[in-house]
Amino acid sequence: GEPACIAVAERLENRDPGGDGFNFHVRGSGIGSAGAVKIAKALKSVSPEAATMLASFSLSYSTVLGDAGAIALAGALPPTLRDLGLVGCNIGDLGGLALHRWARTAEGLKMICIEHNQISADLKLRFQNLPGIVADF
């Protein structure tokens with residue numbers, strides 16, 4: 001029900017299904033854990049083939065996303081996602097660990113931007129050691 005989410009949903013509904021992948025960027029929207037759960041549910045509801053069309057996902061600067069939101073998203077993001085942006089989302093180690101578990105098996109992931117969160121130095125190092133992935137902090 002958030003205006004930014006509705007605008008993105010309308011763009012997705014109107015996109016060419018035969019075209020290249022799409023980006024889901026809703027930055028600074030104030031989406032919290034409840035909104036992230038809804039987005040995760042929507043991601044899980046699409047076919048695996050459709051999920052592979054998601055190229056880039058960002059909820060950066062959604063300062064109330066927190067660990068619960070990150071955990072919900074980590075359980076729903078497709079492994080083919082190329083870029084993930086969750087900058088300044090008030091994510092700590094609980095949410096960071098969930099994202100790290102997802103990133104370890106995300107064969108399409110090239111970049112993860114999770115700076116300006118409360119992730120420990122140890123977990124940051126674990127992200128930086130993921131092969132083939134650029135992790136920005």
Side-chain angles (χ1 to χ4, degrees):
E2 310 222 5
C5 291
I6 291 169
V8 170
E10 288 171 354
R11 283 196 311 269
L12 292 175
E13 283 179 349
N14 295 322
R15 66 177 280 283
D16 175 12
D20 290 334
F22 63 92
N23 301 326
F24 184 93
H25 293 173
V26 185
R27 297 178 177 132
S29 65
I31 291 174
S33 60
V37 167
K38 289 178 185 178
I39 292 169
K41 184 177 178 183
L43 287 171
K44 289 179 182 180
S45 73
V46 300
S47 71
E49 295 79 25
T52 65
M53 297 298 292
L54 181 59
S56 179
F57 183 94
S58 177
L59 291 180
S60 290
Y61 309 107
S62 295
T63 59
V64 292
L65 186 72
D67 284 330
I71 290 166
L73 293 171
L77 292 169
T80 53
L81 186 71
R82 184 191 67 229
D83 304 312
L84 175 63
L86 295 172
V87 176
C89 291
N90 201 28
I91 299 169
D93 277 355
L94 288 177
L97 283 169
L99 292 169
H100 185 265
R101 280 191 297 274
W102 167 78
R104 286 191 341 236
T105 62
E107 69 267 9
L109 190 62
K110 300 295 179 211
M111 179 175 285
I112 184 166
C113 299
I114 52 176
E115 59 264 29
H116 305 293
N117 285 293
Q118 290 75 48
I119 296 172
S120 68
D122 178 59
L123 186 53
K124 287 178 183 179
L125 184 60
R126 290 169 65 184
F127 272 104
Q128 291 170 336
N129 287 331
L130 290 169
I133 299 171
V134 174
D136 287 336
F137 292 100

Return the minimal non-hydrogen interatomic distance between [X] and [Y], and the atom names on each side.
X	Y	value
Asp136	Glu115	O-OE1, 3.0 Å
Leu65	Ala70	CG-N, 4.2 Å
Met111	Leu109	O-CD1, 3.4 Å
Pro78	Trp102	O-CZ2, 3.4 Å
Gly30	Ser62	N-OG, 4.0 Å
Thr52	Thr80	CA-OG1, 3.3 Å

Side-chain contact, heavy-atom cut-off 4.5 Å: [X] with [Y]?
X	Y	answer
Phe137	His116	no
Ile91	Leu86	yes
Val46	Met53	no
Arg27	Leu59	no
Lys44	Ile39	no
Ile114	Val87	no

Hey, mind stepping through Cys89 and Asn117 against side-chain contact (heavy atoms from CB on, under 4.5 Å) and telling me if it holds? CA-CA 6 Å; Cys89 291; Asn117 285 293; 3.8 Å; yes

Say whether Leu77 and Ile133 are linked into one hydrophobic cluster, either directly or through other cluster members, by side-chain heavy-atom distances under 4.5 angstrom.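 Leu77 clusters together with Ile133.
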
Non-neighbouring partners of Ser33 that pass side chain to side chain contact (heavy atoms under 4.5 Å, CB included), sequence neighbours left out: Ala68

With sequence neighbours excluded, residues passing side-chain hydrogen bond (donor to acceptor under 3.5 Å, both in side chains) with Ser120: Asp93

Kindly assign one of parallel, tilted or perpendicular to the pair His100 and Phe127, based on the angle between their ring planes and the thresholds 30° and 60°.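 His100 vs Phe127 ring planes: perpendicular.
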
